[in-house]
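Data first, discussion second: the structure below is written as structure tokens.
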Protein chains: 4
Amino acid sequence: MPTILGQNQYGKAENRVVRITRDGDTHHIKDLNVSVALSGDMDDVHYSGSNAHVLPTDTTKNTVYAFAKEYGIDSAEQFGIHLARHFVTSQEPIHRARIRIEEYAWERIETSDGNSKFIGADEVKHSFVRKGQETRTTQITFDGERWQVVSGLKDLVVMNSTNSEFWGYVKDKYTTLQEAYDRILATQVAAQWRYGWSSDEERMPNWDKSYAQARKHMLQAFAETYSLSLQQTLYQMGSRIINSRSEIDEIRFSLPNKHHFLVDLEPFGLKNDNEVYFAADRPYGLIEATVLRDGVEPQIPVDMTNL
Amino acid sequence: MPTILGQNQYGKAENRVVRITRDGDTHHIKDLNVSVALSGDMDDVHYSGSNAHVLPTDTTKNTVYAFAKEYGIDSAEQFGIHLARHFVTSQEPIHRARIRIEEYAWERIETSDGNSKFIGADEVKHSFVRKGQETRTTQITFDGERWQVVSGLKDLVVMNSTNSEFWGYVKDKYTTLQEAYDRILATQVAAQWRYGWSSDEERMPNWDKSYAQARKHMLQAFAETYSLSLQQTLYQMGSRIINSRSEIDEIRFSLPNKHHFLVDLEPFGLKNDNEVYFAADRPYGLIEATVLRDGVEPQIPVDMTNL
Amino acid sequence: MPTILGQNQYGKAENRVVRITRDGDTHHIKDLNVSVALSGDMDDVHYSGSNAHVLPTDTTKNTVYAFAKEYGIDSAEQFGIHLARHFVTSQEPIHRARIRIEEYAWERIETSDGNSKFIGADEVKHSFVRKGQETRTTQITFDGERWQVVSGLKDLVVMNSTNSEFWGYVKDKYTTLQEAYDRILATQVAAQWRYGWSSDEERMPNWDKSYAQARKHMLQAFAETYSLSLQQTLYQMGSRIINSRSEIDEIRFSLPNKHHFLVDLEPFGLKNDNEVYFAADRPYGLIEATVLRDGVEPQIPVDMTNL
Amino acid sequence: MPTILGQNQYGKAENRVVRITRDGDTHHIKDLNVSVALSGDMDDVHYSGSNAHVLPTDTTKNTVYAFAKEYGIDSAEQFGIHLARHFVTSQEPIHRARIRIEEYAWERIETSDGNSKFIGADEVKHSFVRKGQETRTTQITFDGERWQVVSGLKDLVVMNSTNSEFWGYVKDKYTTLQEAYDRILATQVAAQWRYGWSSDEERMPNWDKSYAQARKHMLQAFAETYSLSLQQTLYQMGSRIINSRSEIDEIRFSLPNKHHFLVDLEPFGLKNDNEVYFAADRPYGLIEATVLRDGVEPQIPVDMTNL
């Protein structure tokens with residue numbers, strides 16, 4: 001047979017699970033989108049259609065929901081670890097499991113502001129509004145021995161309205177861009193960071209704290225960097241996380257340069273003193289890079305995707 | 001001629017304007033998506049292609065950017081009023097202007113938390129993160145005499161994890177639904193409310209305060225209503241706004257019932273005590289209604305759209 | 001009570017139904033997205049939460065699937081008529097039903113090309129590829145006596161690479177646009193046309209033939225009109241349909257002017273003789289108008305939406 | 001310095017270029033979305049913000065438009081090769097260029113059907129309708145010596161209404177799925193295939209012919225395979241392309257199993273003899289695999305993305 005099978009994986013993608021936990025009248029919510037990808041001894045199903053080694057994708061879906069009950073959802077990472085371990089250890093033909101999770105944050109609706117004089121003005125503890133900012137992501141991979149955890153976020157849109165310049169670049173025959181000494185710098189952050197944790201013998205990071213801290217450092221580095229290029233800002237964002245969080249070894253960013261063009265108001269007799277901008281859609285600059293702790297091997301692939 | 005022209009309008013849609021205002025080192029940001037629709041004496045351009053009455057859509061775009069400089073952007077509503085007045089009063093063939101605006105909220109990136117020991121640890125006042133929750137909307141219509149202002153929001157996702165029931169409904173031969181005595185109630189709110197203000201002689205509402213208050217009452221009514229149907233919750237949300245805000249006469253909601261189905265875990269020997277839910281996409285219930293002050297004429301059309 | 005209920009409707013939206021019909025080995029496919037909206041005597045459910053008049057949205061979903069079996073799907077329009085009639089005539093509190101349908105077209109995968117020398121080289125009659133061009137739409141409304149059928153399409157993207165000009169327009173202080181004597185004209189057609197048929201006593205149109213003919217006339221009018229403005233092209237598209245199809249009384253278009261800007265290549269020593277264009281996203285001109293048969297009353301609302 | 005820079009690349013993404021070619025009255029259209037990613041000696045811009053090695057993303061955009069004039073667009077692949085060669089050979093710090101292109105197909109609007117008795121009834125040769133089916137993609141990578149061309153398509157939706165089974169799979173404690181002996185098999189094909197061509201010394205494939213043939217074989221294999229699993233169908237699609245097209249060495253598929261669930265109509269006294277299906281959105285099975293010519297090294301990464 002002149003053709004052969006290469007890397008392959010399968011599973012149920014985008015299982016939307018909401019888990020409510022009750023602490024008396026106070027409810028807590030976890031809202032995840034879980035995707036399962038399994039691989040292993042799967043030649044037969046490709047070559048002949050024999051499903052003898054195939055745990056149905058429907059079963060992987062059921063497992064997600066059953067585990068939400070059996071283990072609860074402490075964090076997206078912890079939940080993914082439960083799932084990955086289960087698939088690899090319970091099914092002989094399955095040698096590797098990759099669990100990807102998106103998490104949507106919710107916050108409580110405030111009802112006890114003193115102004116709410118209507119029915120039920122006591123504080124309500126089961127009502128939520130979706131936060132709607134970034135989506136938290138994680139990817140858990142397990143091969144039976146080693147763990148790889150790559151967590152991150154996407155769709156976090158940030159802007160500096162000053163402290164950004166761009167000049168001193170290469171000019172060739174197709175260059176028309178004017179140098180800029182005070183411009184808007186805006187991007188929609190997609191970031192994925194890899195934890196050093198890789199074995200059940202090591203102490204597991206505090207996933208939620210680590211997420212909150214990585215996010216905070218990233219935002220602060222973005223805000224505090226006087227930027228001569230988006231590449232420089234990216235590196236600052238990454239290195240501050242690596243320097244601040246010993247549990248994180250590597251981070252990769254995909255940062256679209258969301259151009260805000262100063263509008264030429266001179267035809268209307270007006271001066272635009274960095275006040276009025278056109279927010280463009282396409283094309284956009286796209287800056288991608290990995291920042292890593294000196295001495296570690298990079299593992300995050302060039303093209304990050306989550307779901 | 002056996003065919004004639006009916007209602008028509010034209011203009012530039014989705015002009016993305018960002019306005020920065022500087023108060024010393026402290027910057028403020030307004031981020032709008034502005035759509036212009038003009039109508040009037042426009043038969044000729046449709047029948048013969050004569051553009052003699054047509055102010056180009058490109059000019060309406062330029063006007064948006066010029067006005068962002070000339071008038072600033074106090075609120076989306078105020079900005080739309082400037083634009084609508086201009087088009088109707090400056091061009092004889094234009095008899096009516098409708099300005100639609102989406103507004104995206106931003107919040108400051110916090111940098112002065114004491115933990116930020118890196119370069120520039122003073123508080124940064126020009127760095128923002130997009131809030132990412134609901135999109136605020138407004139529609140301003142002006143015919144040279146009367147104003148109509150319909151403001152609102154969309155994509156505000158809310159959930160009650162209890163205090164919702166659904167039973168006692170009609171059962172016909174196609175009914176299989178089981179009655180529910182404790183269910184999740186979740187929706188993605190799209191709301192548009194019409195202000196009573198309609199004339200330059202009347203005192204204009206405080207648009208920003210009115211928005212914040214309408215939003216707050218809507219959320220609180222959602223949270224505090226013990227719901228026997230989404231229709232009942234909708235009515236409570238609307239009536240609380242009408243009763244609390246004298247400047248608002250009418251509100252229309254489009255509320256998808258974002259179904260969260262309790263997962264059957266019995267095949268796995270597990271009991272699901274309102275803990276684990278499948279968040280479904282389609283189909284969804286869709287509940288739409290207008291709530292209005294007794295005695296006023298409804299004006300918001302059945303199919304609300306914004307952009 | 002100072003607030004009252006206005007127009008309201010409810011039902012299950014976006015029921016995705018696929019119906020396979022077998023004619024021996026030859027299969028046929030209908031692929032619809034059906035949304036139900038019912039209204040009538042529904043005050044109680046809004047005011048008190050009593051569901052005594054409420055047929056559950058879940059039941060309306062079941063009815064869609066049951067009717068796909070009981071009546072088959074001859075056309076989207078015919079299917080919607082069955083559904084609307086059922087809801088209004090079978091439930092006393094329901095006074096009006098509005099059924100909206102999107103239809104996705106499929107075409108057969110060609111297998112008998114003589115080159116297919118692999119297994120099963122006979123023509124396969126159960127394999128399809130989604131056509132992927134426009135989405136066909138319809139909206140059926142029935143109040144127990146009168147029918148209104150508004151059919152149409154959306155997302156049909158068309159382009160003329162010449163025979164379009166734009167000049168002779170109004171110039172004010174904000175006008176900077178240069179006149180154009182040979183430009184690209186491109187748009188993404190959304191159209192909805194209303195049939196004159198309104199009563200069971202009248203002979204029903206051939207819905208599929210009427211759709212195909214309306215689409216053909218619309219495309220031909222777009223292609224054959226030497227355009228001085230998109231408004232003129234719109235009117236030609238509409239009037240040709242009205243003039244050619246006696247069963248259609250009214251049509252409304254929403255036509256975004258998908259701008260293709262000639263790129264300035266002079267800085268690179270190149271002449272751009274209407275060859276290289278930048279296809280812009282936002283903003284875009286938006287031209288909307290109704291064309292109707294002389295003497296009929298317009299009924300299609302200003303803001304067309306489908307789903 | 002405890003952190004270092006890893007893989008990085010930058011450029012302008014999503015340059016939307018439309019190229020019109022005139023052959024007398026007959027116009028031809030190429031409609032591309034071009035993304036440029038450059039890498040090389042870029043440490044300084046990340047570490048210090050020095051742009052001395054940075055050709056601006058704006059210049060890469062200009063180059064796309066200038067090359068559309070200078071070279072024309074014979075095929076997406078050929079156009080990408082011109083661009084990649086230019087960036088790597090003209091700028092010393094740039095060591096690698098990756099060009100990604102999406103192509104949107106258009107077809108002519110038919111006007112000469114004999115029924116078009118209106119103005120301009122001759123055949124119009126400058127009017128087009130977007131085909132709207134799959135998007136063609138390519139990715140060209142050049143490091144100054146070796147070429148890699150990975151072409152493909154996405155969003156091609158296909159369905160078999162019979163000749164698909166699924167049974168004989170693993171059953172564990174979370175398995176509830178019933179075996180199926182006649183089901184719908186539907187997927188939305190994303191495929192990327194790598195050409196063996198890698199050097200200017202080799203004869204270049206006919207890119208357009210190769211695309212058309214790969215697409216045809218893929219569709220025919222989908223239609224003609226009696227499927228016992230989507231994995232089996234995937235392998236048939238891939239191996240038929242490898243076996244039929246000697247210029248293609250490797251292909252990777254990402255195939256969502258677009259579930260169509262048979263609706264249970266028994267509660268309504270109806271029998272559903274594989275006629276009425278619910279087309280589900282999420283979750284979906286996701287089957288991914290590489291098929292390659294025996295003896296070649298796989299190069300396409302696990303996570304395919306295009307733009």
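All chains are named by letter (A, B, ...) in the order of the sequence lines, taking the proteins before the strands, and each is independently numbered beginning at 1.
- With sequence neighbours left out, Thr60(D) forms a side chain to side chain donor-acceptor pair (under 3.5 Å) with no residue at all.
- Using cut-offs of 30° and 60° on the angle between ring planes, the pair His82(D) and Tyr71(D) is parallel.
- When each of Val45(A), Leu228(A), Asn8(A) is scored by its heavy-atom pairs under 4.5 Å with chain D, the top score falls to Val45(A).
- Annotation: ring-ring contact (aromatic ring centres under 6.0 Å, His included) contacts of Tyr10(A) (sequence neighbours excluded): none.
- Remark: side-chain polar atoms of Glu250(D) are not paired, donor with acceptor, to backbone N or O of Thr290(D) under 3.5 angstrom.
- Of the atoms belonging to His53(A), it is backbone heavy atoms, and not side-chain ones, that fall under 4.5 Å from chain D.
- The greatest number of non-hydrogen atom pairs below 4.5 Å with chain D, out of Gly11(A), Ser239(A), Ala52(A), Ala66(A), is found for Gly11(A).
- Heavy-atom distances place both the backbone and the side chain of Lys12(A) under 4.5 Å from chain D.
- Comparing Leu292(D), Leu177(D), Asn62(D) by heavy-atom pairs within less than 4.5 Å of chain A, the highest count is held by Leu292(D).
- Of the atoms belonging to Arg293(A), heavy atoms from both backbone and side chain fall under 4.5 Å from chain D.
- In this structure, Phe261(A) and Phe278(A) have parallel ring planes: the angle between them is below the 30° cut-off, well short of the 60° mark.
- Checked for salt-bridge contact, Glu179(D) and Lys171(D) meet the test: a charged N lies under 4.0 Å from a carboxylate O.
- Annotation: maximal heavy-atom pairing with chain A below 4.5 Å, among Ile287(D), Val302(D), Val296(D), Thr233(D), occurs at Val302(D).
- Chosen from Pro298(A), Ala37(A), Pro301(A), Ser48(A), the residue pairing most often with chain D at heavy-atom distances under 4.5 Å is Ser48(A).
- Looking at Thr57(A), the atoms closer than 4.5 Å to chain D (heavy atoms on both sides) all sit in the side chain, from C-beta outward.
- Of all the listed residues (Pro56(D), Ser229(D), Gly168(D)), the one sharing the greatest number of non-hydrogen pairs under 4.5 Å with chain A is Pro56(D).
- If you tally non-hydrogen atom pairs under 4.5 Å between each of Tyr65(A), Phe253(A), Phe166(A) and chain D, the highest count goes to Phe166(A).
- With a 4.5 Å cut-off on non-hydrogen atoms, Asn15(A) touches chain D through its backbone and its side chain both.
- Of all residues in residues 83-92 of chain A, those placing a non-hydrogen atom less than 4.5 angstrom from a non-hydrogen atom of chain D are His86(A), Gln91(A).
- Below 30°, between 30° and 60°, or above 60°: for Trp167(A) and Tyr181(A) the angle between ring planes is below 30°, a parallel geometry.
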Let me see the working for Thr3(A) and Tyr235(D) under side-chain hydrogen bond (donor to acceptor under 3.5 Å, both in side chains), right down to the final yes or no. CA-CA 9 Å; Thr3(A) 62; Tyr235(D) 186 75; 2.9 Å; yes

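- Per-residue counts of heavy-atom pairs under 4.5 Å with chain A were compared for Ile242(D), Thr63(D), Leu255(D); the largest is that of Thr63(D).
- Between the Asp58(A) side chain and the Thr176(D) main chain, no donor and acceptor come within less than 3.5 Å of each other.
- In summary, of the residues considered (Asp303(D), Ile300(D), Val150(D)), a side chain to side chain contact (heavy atoms under 4.5 Å, CB included) with Arg252(D) occurs for Ile300(D) alone.
- In terms of heavy-atom pairs under 4.5 Å with chain A, the best-connected choice from Ser50(D), Gly285(D), Pro93(D), Gly295(D) is Gly285(D).
- A donor-acceptor pair under 3.5 Å is formed between the side chain of Asp172(A) and the backbone N or O of Thr175(A).
- With sequence neighbours excluded, the residues forming a side chain to side chain donor-acceptor pair (under 3.5 Å) with Lys69(A) are Glu275(B), listed by chain and number.
- Remark: side-chain polar atoms of His46(A) are not paired, donor with acceptor, to backbone N or O of Leu234(D) under 3.5 angstrom.
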